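The structure appears below as structure tokens.
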Amino acid sequence: MKTYIGIDNGLDGGIAVLPGVRDMHDMATTMPTLECGKKRVLNEDAIADLFRGWSLVDGNLIVAIEVAQVMPKQGSVGGFNYGTSYGIVRGICVGLQIPYVLVAPRQWQKELFNGLSKSDTKSMSVVVAKRMFPLVSLKATDRSKKDSDGMSDALLIAAYARRMNF
């Protein structure tokens with residue numbers, strides 16, 4: 001069986017793993033970041049270390065990366081940063097020779113939100129992820145009160161890739 005990694009790009013995104021190896025459990029985490037002066041940036045080394053570790057455990061690995069698209073109210077700086085994150089994740093996959101697929105948000109949402117309201121995709125993502133993966137915590141930290149939609153999106157992107165048998 002393949003191990004599927006789902007990526008919701010961006011600084012508030014997430015990474016999820018649906019392992020094909022028996023001893024590992026489904027998991028989700030926030031996107032690793034660093035403080036760089038007054039800015040927050042992706043922690044490229046931490047992301048590469050995660051991918052490297054998973055590829056050592058299971059060489060049959062595929063990364064499903066959500067396609068970056070700029071939102072109307074996002075602004076130019078936010079759009080640029082989001083696109084940069086998208087490129088970094090793709091570059092890490094290429095550098096580590098890990099195969100990846102690009103998944104448009106509408107693709108996985110259409111498949112996994114089937115029959116549900118799609119007006120608020122972020123809250124719907126949390127609801128669907130909790131139904132599909134009740135044992136996976138969606139809390140960004142132990143002190144978080146709210147579930148992370150970045151982590152839930154990452155889980156659902158991985159689930160979509162597994163369902164489509166990429």
Side-chain angles (χ1 to χ4, degrees), residues 1-21 24-33 42 47-48 50-51 54-55 58-76 78-138 140 146-166:
M1 266 181 84
K2 289 181 186 173
T3 292
Y4 290 92
I5 298 175
I7 304 291
D8 177 23
N9 297 296
L11 300 176
D12 295 320
I15 300 175
V17 180
L18 304 180
V21 178
M24 289 177 63
H25 301 285
D26 298 343
M27 58 131 331
T29 186
T30 56
M31 187 64 75
T33 60
L42 287 189
I47 297 167
L50 286 171
F51 285 14
W54 291 321
S55 66
D58 183 3
N60 197 9
L61 186 72
I62 186 111
V63 177
I65 304 169
E66 187 174 53
V67 175
Q69 57 188 34
V70 178
M71 300 303 204
K73 296 180 182 178
Q74 192 171 25
S76 59
F80 180 80
N81 290 336
Y82 187 68
T84 299
S85 298
Y86 173 71
I88 287 170
V89 172
R90 288 181 67 183
I92 289 170
C93 289
V94 169
L96 295 175
Q97 298 180 336
I98 297 172
Y100 68 91
V101 295
L102 302 177
V103 179
R106 288 186 188 218
Q107 285 178 302
W108 69 263
Q109 290 169 0
K110 180 180 178 185
E111 177 74 22
L112 298 175
F113 295 175
N114 191 11
L116 301 171
S117 169
K118 297 173 186 82
S119 60
D120 181 3
T121 58
K122 293 301 180 186
S123 62
M124 188 55 58
S125 170
V126 171
V127 169
V128 172
K130 283 182 155 189
R131 287 181 187 166
M132 290 179 69
F133 303 97
L135 300 178
V136 177
S137 172
L138 298 177
K146 186 178 173 191
D147 291 316
S148 164
D149 58 66
M151 291 166 59
S152 64
D153 282 1
L155 268 171
L156 296 179
I157 292 163
Y160 173 78
R162 181 170 65 186
R163 186 177 285 188
M164 296 295 112
N165 198 26
F166 287 128

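The first residue in the sequence is number 1, and the count goes up from there. This one's a predicted model, so the numbers in the text were calculated from it and none came from an experiment.
- When the side-chain contact (heavy atoms from CB on, under 4.5 Å) test is applied to Pro99, the partners found at least two apart in sequence or on another chain are Ile62.
- Atom-to-atom distance recorded for Thr30:OG1 and Asp8:CG is 11.5 Å, nearest 0.5 angstrom.
- Note that OG of Ser85 is 9.5 Å distant from CG of Asp12, once rounded to the nearest 0.5 Å.
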- Query: Would Thr3 and Leu18 count as a side-chain contact (heavy atoms from CB on, under 4.5 Å) if you check the C-alpha gap in whole Å, the side-chain angles of each, and the deciding distance to 0.1 Å?
  - Reply: CA-CA 6 Å; Thr3 292; Leu18 304 180; over 6 Å; no
- Which is it for Leu102 and Tyr86 under the side-chain contact (heavy atoms from CB on, under 4.5 Å) test, yes or no, and what are the steps along the way? CA-CA 10 Å; Leu102 302 177; Tyr86 173 71; 3.4 Å; yes
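- Between Leu116 and Met124, the closest side-chain pair of non-hydrogen atoms falls below 4.5 Å.
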Return all side-chain donor-acceptor pairs below 3.5 angstrom for residues 149-166, not counting sequence neighbours, or 'none' if the list is empty.
residue, atom, partner, partner atom, Å
Ser152, OG, Ser125, OG, 2.7
Ser152, OG, Asp149, O, 3.0
Asp153, OD1, Ser125, OG, 2.5
Asp153, OD2, Lys122, NZ, 2.8
Arg163, NH1, Glu111, OE2, 3.2

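- At least one side-chain heavy atom of Ile47 sits less than 4.5 Å from a side-chain heavy atom of Met31.
- Distance check, rounded to the nearest 0.5 Å: CD1 of Ile92 to CD1 of Ile7 gives 8.5 Å.
- Between Ile98 and Tyr100, every side-chain heavy-atom pair lies at or beyond the 4.5 Å cut-off.
- The side-chain contact (heavy atoms from CB on, under 4.5 Å) check on Ser137 picks up Lys139, with sequence neighbours excluded.
- Here Leu138 contributes atom CG and Thr29 contributes atom OG1; the two are 11.5 Å apart, rounded to the nearest 0.5 Å.
- The side-chain heavy atoms of Leu42 and Pro32, taken from C-beta on, include no pair separated by under 4.5 Å.
- In this structure, CG in Leu50 is found 8.0 Å from CD1 in Ile5, a value given to the nearest 0.5 Å.
- Across Val67 and Tyr82, no two heavy atoms sit closer than the pair O-OH, 4.2 Å.
- Atom CG in Leu61 sits 9.5 Å away from atom CG in Leu96 (nearest 0.5 Å).
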